[in-house]
Amino acid sequence: MAVAALLRRRALSSSCRHDVYIRCLLSYSDLHSLVNSANLRFWRGYHNSGKFDFTDMTHPHLWYPNAREKKRKVFLHVGPTNSGKTHNALKRLEASSSGVYCGPLRLLAREVAKRLNEANVPCNLTTGQEREEIEGAKHNSVTVEMADVTTEYQCAVIDEIQMVGCRTRGFSFTRALLGICSDELHVCGDPAAVPIIQRLLEATGDVVTVQYYERLSPLVPLKTTLGSFSNIKEGDCMVTFSRREIYKLKKKIEMAGNHLCSVVYGSLPPETRTKQATMFNDEASHLNVLVASDAIGMGLNLNISRIIFSTLEKFDGVCIRELTVPEIKQIAGRAGRYGSKFPVGEVTCLDAEDLPLLHSSLESPSPIIERAGLFPTYDLLSVYSRLHGTNFFHPILERFLEKAKLSPDYFIADCEDMLKVAAIVDELPLGLYDKYLFCQSPVDVNDDISTQGLIQFAENYAKKGIVRLKEIFTPGTLRVPTTHNKLKELESVHKVLELYVWLSYRFEDSFPDRELADSQKSICSMLIEEYLERSGWQQPGQRRVLPSLQKLSQEYDAPQLRKYFPEIDARSK
């Protein structure tokens, strides 16, 4: 791919060419003043010799002085999926005078904000691409990367804490765990995370209490496979791990019997995933079977009767491998949601050869998480770059990570994607903080369209200081996909629009077309949903106007919608 080659070339040239610029330009007295001006005063606490080693990351709890001023009461709520652990933590959050929920997904953050607001607890929503402020709110529901470690709260909740062990996002959970300044901190997740959480919090002086939960509804691993696709029944969820397999299985199920399928997978827009899940849950809907990837493992409330694994292998971006015990348990545990019409969950496979691994995984505890992710703060990288007299981000980040010193309880986050972006932005006349923000952006570097979007945004920002969306995207040109490749392309366009919105919240004056990007994102979602409807089996004359399209037509002029849905008039008659 051309973009991949460009990234490799830039990464190599950046690391070689710019290394000559790394040189020490600061005196000893400069270092002291720099430490005092860069929120790094904590360094004095464990560098009494007066020597500064900014690659020393052995005491990350000291990066958060506000939290260290409190003796927090930390409650670990741990147990399997469907055990009520997060529900209990959220009840405490609802009862608090101020608080924050930190979740791994936008869908979860939105769900919690909705729950609190419906309980008459005003709650803001803050994610990378969304800001919804409620008048008088003292509660916030955020994605974990957006956690504010400077504000004081009475209560905080961190969900899915086992993700501290995630190689790419674990450091954000570590930051929230160590940095949130609250009287009470409720941490929810898998029991496998308990030992590492206890070790990390030994250094903070917090008081830690562990509460274990049992599953509220039974989960029954079946001894037989599905057999024929004619055995599919209402409430079933077929799980597979690629877009093409999802649509192949959807077609097979719909051709085999009296069922139509919703689909859920990671590269679908979050709004589309939510709507597909809602239609699956709706008893009045004609979509009563779900075909999904492991994206159902968290973030969506689903009324699933039976999980059916089409395979227990997946491609993880590097190689095809077997699912891990935690992955199998997380997905299987979605069956038999407590309080739903399917109080007993079942789980099985398509292939009889997979049954032994499925059964053994469900009977096994998840492997203990040994280490938590860590990543240097911007302040550390900024001082390190000034110390070496360069603002080329790629060599600074690479050199810092090579020399970083950690305690045995931590690992450095996987920064491969960030380094690829750094190689791109180092070619541009940008300041270090601007480069840092572009490197933090949610660009999919394995997607050529998404990467090209980032490159154009960064180049236009560097040249003009302002980035108009219409310079790279023409509203009115999108169409309903007609093939899987066109669907994938539209999903990529949605990623570019989301990237623009994300950047607009960091460079507010320079990315002024957020409203346009949001509206085009909505159009993208509608077009994808239209494709999903058209791809389902249906009798002639049974086409319908999507509820989401009806809602959209109230928000935008009909002539504008006709560009995307030329048959809208006929459908409305």
Side-chain angles (χ1 to χ4, degrees), residues 225-296 300-311 331 334-337 340-342 345-348 350 480-484 486-488 490-491 525-552 565 567-568 570-571:
T225 62
L226 173 69
S228 168
F229 274 73
S230 62
N231 294 327
I232 291 285
K233 59 187 180 182
E234 176 186 356
D236 277 350
C237 173
M238 183 78 74
V239 176
T240 192
F241 300 99
S242 77
R243 177 196 287 102
R244 288 195 176 275
E245 278 302 307
I246 283 172
Y247 285 102
K248 281 170 63 176
L249 288 169
K250 169 181 162 69
K251 184 176 180 179
K252 265 186 149 181
I253 292 167
E254 292 180 342
M255 295 296 289
N258 299 315
H259 302 287
L260 297 180
C261 302
S262 292
V263 298
V264 170
Y265 54 91
S267 56
L268 278 179
E271 308 91 334
T272 306
R273 273 180 274 161
T274 300
K275 287 168 185 170
Q276 288 287 301
T278 300
M279 288 191 286
F280 170 70
N281 287 337
D282 184 357
E283 292 187 32
S285 168
H286 58 302
L287 303 173
N288 59 10
V289 171
L290 181 63
V291 185
S293 72
D294 47 359
I296 64 165
L300 292 168
N301 285 324
L302 296 163
N303 297 332
I304 295 171
S305 165
R306 179 174 56 173
I307 291 284
I308 305 159
F309 285 95
S310 73
T311 177
I331 296 168
R334 305 300 285 177
R337 180 185 171 204
S340 76
K341 65 180 289 188
F342 303 114
E346 296 177 330
V347 57
T348 187
L350 280 185
V480 178
T482 54
T483 65
H484 287 303
K486 292 291 185 183
L487 172 64
K488 184 177 179 181
L490 189 57
E491 290 168 355
S525 296
M526 298 307 114
L527 295 169
I528 290 170
E529 288 166 43
E530 176 71 1
Y531 172 84
L532 296 179
E533 189 195 10
R534 291 182 184 183
S535 69
W537 178 90
Q538 54 201 332
Q539 293 180 357
Q542 287 193 339
R543 296 284 305 287
R544 62 191 177 85
V545 177
L546 290 169
S548 50
L549 179 56
Q550 291 174 324
K551 180 181 177 184
L552 195 68
F565 302 94
E567 71 275 38
I568 188 170
R571 288 163 142 208

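Here the structure is a predicted model, which means the values were calculated and not measured. For the numbers below, each heavy atom of this structure counts, side chains included, while hydrogens, waters and symmetry mates do not.
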Quiz item: Do the non-hydrogen side-chain atoms of Ile331 and Phe309 ever get within less than 4.5 Å of each other?
Solution: yes
Quiz item: Is there a side chain to side chain contact (heavy atoms under 4.5 Å, CB included) between Glu245 and Thr311 once you walk through the steps?
Solution: CA-CA 10 Å; Glu245 278 302 307; Thr311 177; over 6 Å; no
Quiz item: For the residue pair Tyr247 and Tyr265, does the interplanar ring angle fall in the parallel (under 30°), tilted (30 to 60°) or perpendicular (over 60°) class?
Solution: perpendicular
Practice problem: Calculate, to the nearest 0.5 Å, the distance between atoms CG and CG belonging to Leu268 and Leu490 respectively. | Solution: 10.5 Å
Quiz item: Between Leu287 and Cys261, what is the shortest heavy-atom contact and its length?
Solution: CD2-O, 3.6 Å
Quiz prompt | Closest non-hydrogen atom pair between Glu254 and Leu260, with its separation | solution = OE2-CA, 3.5 Å
Self-check item: Side-chain (Glu529) to main-chain (Thr272) donor-acceptor, under 3.5 angstrom
Solution: no
Self-check item: Shortest non-hydrogen separation from Gly266 to Ser293 and the atoms involved
Solution: N-OG, 3.8 Å
Quiz prompt | OG-CD1 distance between Ser267 and Ile528, expressed to the nearest 0.5 angstrom | solution = 8.5 Å
Exercise. Under the side chain to side chain contact (heavy atoms under 4.5 Å, CB included) rule, collect the residues that match up with Ala292, sequence neighbours excluded.
Key: Cys237, Val264, Leu290, Ile296
Quiz item: How many angstroms lie between CD1 in Ile308 and CG in Asp236, if you round to the nearest 0.5 Å?
Solution: 4.0 Å
Quiz item: If you take all heavy atoms of Leu249 and Phe229, which pair is closest and at what distance?
Solution: CD2-CZ, 3.7 Å
Self-check item: Spacing of CD1 belonging to Ile253 relative to OG belonging to Ser230, to within rounding of 0.5 Å
Solution: 11.5 Å
Quiz item: Under the 3.5 angstrom rule, does the side chain of Ser310 hit a backbone N or O of Val239 as a donor-acceptor pair?
Solution: yes
Self-check item: CA sep, side-chain torsions, deciding dist, call: Asp294, Phe241, side chain to side chain contact (heavy atoms under 4.5 Å, CB included)
Solution: CA-CA 7 Å; Asp294 47 359; Phe241 300 99; 3.8 Å; yes
Practice problem: Taking all heavy atoms of Met238 and all of Leu226, pick out the closest pair and write down the distance. | Solution: CE-CD2, 4.0 Å
Quiz item: Taking all atoms of both residues into account, what is the closest heavy-atom pair of Phe280 and Leu302, and its distance?
Solution: CD2-CD2, 4.2 Å
Quiz prompt | Check ion pair Glu491-Lys488 (N to O, under 4.0 angstrom) | solution = no
Quiz prompt | Check: Leu350 and Thr225 side chains under 4.5 Å, non-hydrogen atoms | solution = no
Quiz item: Do other residues, nucleotides or ligands put more than 12 heavy atoms under 6.0 Å from Asp282 CG?
Solution: yes
Quiz prompt | Main-chain N/O of Val263 paired with Gln276 side-chain donor or acceptor, under 3.5 Å | solution = yes
Quiz item: Is the shortest heavy-atom distance from the side chain of Thr348 to the side chain of Arg306 under 4.5 Å?
Solution: yes
Quiz item: Can you tell which of Glu283, His259, Glu234 makes a side chain to side chain donor-acceptor pair (under 3.5 Å) with Asn288?
Solution: His259
Quiz item: Charged N to carboxylate O below 4.0 Å: is that the case for Glu271 and Lys275?
Solution: no
Self-check item: Lys251 side chain near Lys248 side chain, heavy-atom distance below 4.5 Å
Solution: no
Quiz item: Can any side-chain N or O of Asn281 pair as donor or acceptor with the backbone N or O of Asn301 at less than 3.5 Å?
Solution: yes
Exercise. Hey, could you give me the CZ/CG distance between Phe342 and Asn303, rounded to the nearest 0.5 Å?
Key: 7.0 Å
Quiz item: Just how far is it from atom OG of Ser262 to atom NE2 of His286, taken to the nearest 0.5 Å?
Solution: 8.0 Å
